[in-house]
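Below you'll find the structure, written out as structure tokens, and then a few comments.
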Amino acid sequence: MEGVELYRQLLGLRAPWTVERVELDMAKQHVEVHVGHPAGQRFACPECGRELGVYDHLAERTWRHLDSCQFLTYLHARAPRVSCPEHGVHQVRLPWAQAGSRFTNLFEALAIDMLLAANVKKAAAILRITWDEAWHLMERAVLRGRAAKTDELPRQIGVDEKAIAKGQRYMTLVCDLEESTVEYIGEDRKETSLAAYFEAFPQKRREQIEAISLDMWPAYINACRNTVPGAQSKMVFDRFHIMRHVIDAVDKVRKQEHKALMAAGDSTLANSKYLWLTNPANMTDKARARFDELKVAQLKTGRAWALKEALRQLWNYTSARWATKFWKRWYFWATHSRLAPMIAAAKLIARHLPNVLTYFAHRVTNAVAEGLNSKIATVQKRACGYRNPDHFKIAVYFHCGGLNLFPAALTHMKVG
Ligand SMILES: [Zn+2]
């Protein structure tokens, strides 16, 4: 039958494996492809590769393969076992599927492409498999990809926290800033959440880390200090996180001032929250007109805003020396502003200044991690929040881990 040869080719089967027969079930719309090997065939021990005669065959198993013209296609075979004098009785490697998988490699590859493009529910529907099967496929792709990863530590690392399940739980994300990939996801945002990542690498490797971008968060700072040699000169407090502390301070000033004004019947600051947070370049004409008025209205919020805007300049300097001069002026201005939240923010930064200025040696920011964060937000949204932290981790590694997700065997079994 010609179909036999066609299916041998479609399955990418090589000697000794051949297609023995193909059955078409019109009622069920199934194609059943039976695969076998010649009698007397020898197979390699999966542990040592020694060629051995067949010891016995396992019961017939079925693997889902790529559809043939909308017909669900299944491969049937009985896997041979060999008895190695050294390693005992083992099932031989089957060229069309990964150990333990119920799908052929080609089907898994298609499923991975689908899962990368659509959410699990949609991909499962297109592939005509269950949600659990799709999820399991994704999980196995991640485990495979992570197992195949080299044990190199990134040179530039970004550390960030991520709230999941509506802020009830936190995860610690470690990113490779050069590759824009999520390298590690730790439970919680404690010292151990981050230290566990570094501790998995030998001391020698950890020494090779050049820079770590992070927030001024004591748990993470301690984790770096206690596990990364020379951490003091490698930690860089991320400029975007620093600015966020200052932006929060501006917002506190606005709230306090608005409350005081309202008590006196003045609604100048009503509904102005986002004006102080938005880049004027992105405002509508109407919003900008109002903002221009507010800015010159002798408000405390206006002064806080001007302080915040001025601080951005810090990272434009090319040397730590000039940046330090600028910092001293800004710090004087901020601490003499009589705006308590701004004074607190200035003092917070001052306490961490040495590792703010390491920026001028390493020039790293969490901007990459922030980009990944929005990708992660999409992943979360697709899965309606991932209440289960293990599911969240698998999905993030799948979409943001930069892993080779595809079955390795595919590279040796090109169709045709
Ligand atoms: Zn062996």
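Bear in mind that the values here come from a model prediction, so they are computed numbers and not experimental data.
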Any donor-acceptor N/O pair, [X] side chain to [Y] backbone, under 3.5 Å:
X    : Y    : result
R206 : T227 : yes
D238 : N366 : yes
K234 : V228 : no
N119 : K121 : yes
E161 : R189 : no

Ion pair D67/R128, N-O distance below 4.0 Å | yes
Under-4.0 Å salt bridge between R144 and E108 = yes
Rounded distance [0.5 Å steps], [atom1] in [X] versus [atom2] in [Y]:
X    : Y    : atom1 : atom2 : result
W305 : D251 : CH2   : CG    : 15.0 Å
Q98  : L137 : CD    : CG    : 10.5 Å
K122 : M114 : NZ    : CE    : 12.0 Å
I209 : L153 : CD1   : CG    : 4.5 Å
N355 : H362 : CG    : NE2   : 9.0 Å
M216 : L348 : CE    : CG    : 4.0 Å

Determine, stepwise, if the pair T73 / F107 fulfils side-chain contact (heavy atoms from CB on, under 4.5 Å).
-> CA-CA 10 Å; T73 302; F107 185 91; over 6 Å; no
Residues, nucleotides or ligands: over 12 heavy atoms within 6.0 Å of [X] [atom1]:
X    : atom1 : value
Q298 : CD    : no
K295 : NZ    : yes
R288 : CZ    : yes
N271 : CG    : no
K347 : NZ    : no
R155 : CZ    : no
F201 : CZ    : yes
R93  : CZ    : no

Please step through side-chain contact (heavy atoms from CB on, under 4.5 Å) for the pair M171 and D188, ending with a clear verdict.
-> CA-CA 5 Å; M171 295 279 183; D188 220 325; over 6 Å; no
With a 4.5 Å heavy-atom cut-off, do [X] and [Y] have their side chains touching?
X    : Y    : answer
V396 : K375 : no
H65  : Y74  : no
F198 : C224 : yes
H90  : Y55  : no
Q256 : L339 : no
H136 : R102 : no
N226 : E191 : yes
I376 : V182 : yes

Show your working on side-chain contact (heavy atoms from CB on, under 4.5 Å) between I349 and L311 and close with a plain yes or no.
-> CA-CA 11 Å; I349 301 167; L311 184 61; 4.0 Å; yes
Which is it for S272 and R254 under the side-chain contact (heavy atoms from CB on, under 4.5 Å) test, yes or no, and what are the steps along the way?
-> CA-CA 9 Å; S272 71; R254 179 196 59 80; 3.7 Å; yes
Between [X] and [Y], what is the shortest heavy-atom contact and its length?
X    : Y    : result
L275 : L294 : CD1-CD1, 3.9 Å
F406 : A109 : CE2-O, 3.4 Å
P229 : Q203 : CG-NE2, 3.6 Å
P407 : I112 : CD-CD1, 4.3 Å
H37  : P80  : NE2-CG, 3.8 Å
V120 : A134 : CG1-CB, 3.8 Å

Which of parallel (below 30°), tilted (30 to 60°) and perpendicular (above 60°) describes W96 and W17?
-> perpendicular
For residues 42-52, please give each side-chain donor-acceptor pair under 3.5 Å, one per line with the distance, not counting sequence neighbours.
from, atom 1, to, atom 2, distance (Å)
R42, NH2, E51, O, 3.2
R50, NH2, E86, OE1, 3.3

Determine the sole option in W135, F398, Y397 for which the ring-ring contact (aromatic ring centres under 6.0 Å, His included) test with H391 is passed.
-> W135
In terms of side-chain heavy atoms, does [X] have a donor or acceptor partner in [Y] at a distance below 3.5 Å?
X    : Y    : answer
R303 : S337 : no
D132 : T130 : no
E20  : H34  : no
E183 : T181 : yes

Distance-only donor-acceptor hits, side chain of residues 321-334, under 3.5 Å, sequence neighbours excluded:
from, atom 1, to, atom 2, distance (Å)
T324, OG1, A320, O, 2.5
W330, NE1, L307, O, 2.8

